[in-house]
Amino acid sequence: MTKTEAAPKVGIGMPVFNGEQFISSALDSILGQSFADFELIISDNASTDGTERICREYAARDRRIRYLRQPANIGAAANFKAVLDEACSEYFMWAACDDVRSPDFIEVNLNFLTLNPEYVASTSPNGFDDHPLDQQELVKFALDGEKFERFLQFFDHCWLSHGIFYSLIRTDVLRGCGVIGQSFIAADWAVDLYLASMGKINRTKDGYALFGVKGISRGSSAYREFRNHLIEMLLPFYRLTRYAGELSDGFSFGQRVRIFAILMKLNLSVAFVQLRRTVFKS
């Protein structure tokens, strides 16, 4: 599919780098969706393994796939932005190369968003691929109160917020998030908070998503890999804290203080853990 053809209802962006071990399962999961009016945009970040071959084989079999290959590695954050920039659909979602979804994932979440315009995103219960689906308790929280309540709900579940980032989202809303493409610690949380600032986020009862657990964001080196400034050694979520302050515009003074206190507690607790790891490794 090209941009000159009729725009699909849903755009799916799959940024990938060296994903040959998992990507076939992820692609099968997307192509097996019960809702078929979508375009899958793959941005290969100059992979050096068999990712390109696999993607081109799938693209040759299914015209809904548009495969793009970056001439050089542009970084993960920029690659996530690249697939969004290419989308021309009313709804959009990211799909990692090691994630799988139930066949009805798009259908149930699209049906909900179509009927509920006050919601900016919708997702299904999610788990992780380190355990069989029937042997884990799926994450089911939603962000559906008033704006301040949505912020509190997010921070209550921030460590398990993957499903929010990988929601089906109204594309015009998502494009307004200015931090997409920027690389910093908890940049995905910043996108989640932006969405929560724009409207409610639903969690359906039906469908599921299983997220891979081997990505860099779940590794012990993640904070070092995404650190941009010295201040982030003391305040790992420094950029997130600043952005949350911007999104809190309109909150009462007391509400802003409460959000700031939550963020400072997160900053200091993670900084302490990182310091302890450094000391015990030395």
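Looking at D37, its side chain never comes within 3.5 Å of a backbone N or O of P8 through a donor-acceptor pair. With hydrogens and angles ignored, the 3.5 Å screen pairs no side-chain donor or acceptor of E107 with any backbone N or O of S34. A donor-acceptor contact shorter than 3.5 Å is absent between the side chain of S29 and the backbone of S25. Within the 3.5 Å criterion, the main-chain N or O of H157 finds no donor-acceptor partner in the side chain of S161. Looking at Q136, its side chain never comes within 3.5 Å of a backbone N or O of G127 through a donor-acceptor pair. In this structure, R203 contributes its side chain and S124 its backbone to a donor-acceptor pair below 3.5 Å. Side-chain atoms of D192 come within 3.5 Å of backbone N or O of F165 as a donor-acceptor pair. Side-chain atoms of S89 come within 3.5 Å of backbone N or O of G11 as a donor-acceptor pair. Between the side chain of N79 and the backbone N or O of I74 there is no donor-acceptor pair closer than 3.5 Å. Judged purely by atom type and a 3.5 angstrom limit, Y67 has no side-chain atom pairing as donor or acceptor with the backbone of A60.
When all heavy atoms are compared, the tightest approach of V213 to F128 is CG1-CB, 3.6 Å. The nearest pair of heavy atoms linking I259 to L152 is CD1-CD2, 4.1 Å. Contact between L193 and L240 at its shortest, heavy atoms only, is CD1-CD1, 4.0 Å. N109 and T204 make their closest contact through OD1-CG2, 3.2 Å (heavy atoms, listed as atom of the first residue, atom of the second, distance). Contact between Y238 and N267 at its shortest, heavy atoms only, is N-OD1, 3.7 Å. Across all their heavy atoms, F112 and S122 have their closest contact at CD2-OG, 4.0 Å.
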* Asked: Does the pair I42 and T51 meet the rule for a side chain to side chain contact (heavy atoms under 4.5 Å, CB included), with working shown?
  -> CA-CA 11 Å; I42 303 173; T51 296; over 6 Å; no

* Asked: So E39 and E86, side chain to side chain contact (heavy atoms under 4.5 Å, CB included) or not? Walk me through it.
  -> CA-CA 10 Å; E39 178 183 33; E86 288 289 332; over 6 Å; no

* Step by step, would you call V179 with Y194 a side chain to side chain contact (heavy atoms under 4.5 Å, CB included)? -> CA-CA 9 Å; V179 300; Y194 165 79; 6.0 Å; no

* Working for side chain to side chain contact (heavy atoms under 4.5 Å, CB included), residues I201 and S167 -> CA-CA 9 Å; I201 301 172; S167 297; 4.3 Å; yes

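Within the 4.5 Å cutoff, side-chain heavy atoms of T114 are placed close to those of Y91. Counting heavy atoms from C-beta on, the side chains of R101 and I106 never come closer than 4.5 Å. Annotation: side chain of L133 is in contact with side chain of L138 (closest heavy-atom distance under 4.5 Å). Between L266 and T241, the closest side-chain pair of non-hydrogen atoms is not below 4.5 Å. V257 places a side-chain heavy atom less than 4.5 Å from the side chain of F253. Contact of the L143 side chain with the Y119 side chain is not registered, since no non-hydrogen atoms from C-beta on lie closer than 4.5 Å.
Within the structure, the salt bridge (Lys or Arg N to Asp or Glu O under 4.0 Å) test picks out no pair touching residues 163-181 (sequence neighbours left out). Among pairs with a residue in residues 6-19, those fulfilling salt bridge (Lys or Arg N to Asp or Glu O under 4.0 Å) read K9-E90, at least two apart in sequence or across chains. Contacts classified as salt bridge (Lys or Arg N to Asp or Glu O under 4.0 Å) and involving residues 141-167 (residues at least two apart or in different chains) are not found. Residue pairs satisfying the salt bridge (Lys or Arg N to Asp or Glu O under 4.0 Å) criterion with at least one member in residues 40-62, sequence neighbours excluded, are listed as follows: D44-R69, E52-R56, E52-R69, R53-E57, D62-R64.
Enclosure of atom CZ in R256 by more than 12 non-hydrogen atoms of other residues, nucleotides or ligands within 6.0 angstrom is indicated. Residue E137 qualifies as open at atom CD: its count of foreign heavy atoms under 6.0 Å is 12 or below. The number of heavy atoms from other shown groups lying within 6.0 Å of NZ (K200) is above 12.
Note: L174 CG to I169 CD1 = 4.5 Å, rounded to the nearest 0.5 Å. For the atom pair Q33 CD and L110 CG, the distance stands at 11.0 Å (nearest 0.5 Å). Atom OG in S248 sits 11.0 Å away from atom OH in Y243 (nearest 0.5 Å). The structure places CD1 of I180 at 10.0 Å from CD of Q182, a figure rounded to the nearest 0.5 Å. Remark: L235 CG to L268 CG distance equals 6.5 Å, nearest 0.5 Å. Distance check: D99 CG to L210 CG gives 8.5 Å after rounding to the nearest 0.5 Å.
Contacts of Y208 classified as ring-ring contact (aromatic ring centres under 6.0 Å, His included), with partners at least two apart in sequence or in another chain: none. Q70 pairs by the side-chain hydrogen bond (donor to acceptor under 3.5 Å, both in side chains) definition with S43, not counting sequence neighbours.
Ring pair F251/F151 is perpendicular by interplanar angle, where above 60° counts as perpendicular and below 30° as parallel. Ring geometry, F237 versus W189: the interplanar angle falls under 30°, so the pair is classed parallel (tilted spans 30 to 60°).
Linking Ile, Leu, Val, Met, Phe, Trp and Tyr residues whenever their side-chain heavy atoms come within less than 4.5 Å places I12 and I54 in a single cluster. L263 and L160 end up in the same hydrophobic cluster when Ile, Leu, Val, Met, Phe, Trp and Tyr side chains are linked at under 4.5 Å. F260 and I231 fall within the same hydrophobic cluster, defined by Ile, Leu, Val, Met, Phe, Trp and Tyr side-chain heavy atoms under 4.5 Å apart, directly or through other members. Residues F105 and V100 do not share a hydrophobic cluster, defined by chaining ILVMFWY side chains whose heavy atoms lie under 4.5 Å apart. Note on I30: it clusters hydrophobically with Y58, by side-chain heavy-atom contacts below 4.5 Å among ILVMFWY residues.
Residues D104 and S102 have side chains that bring a donor and an acceptor to within less than 3.5 angstrom of each other.
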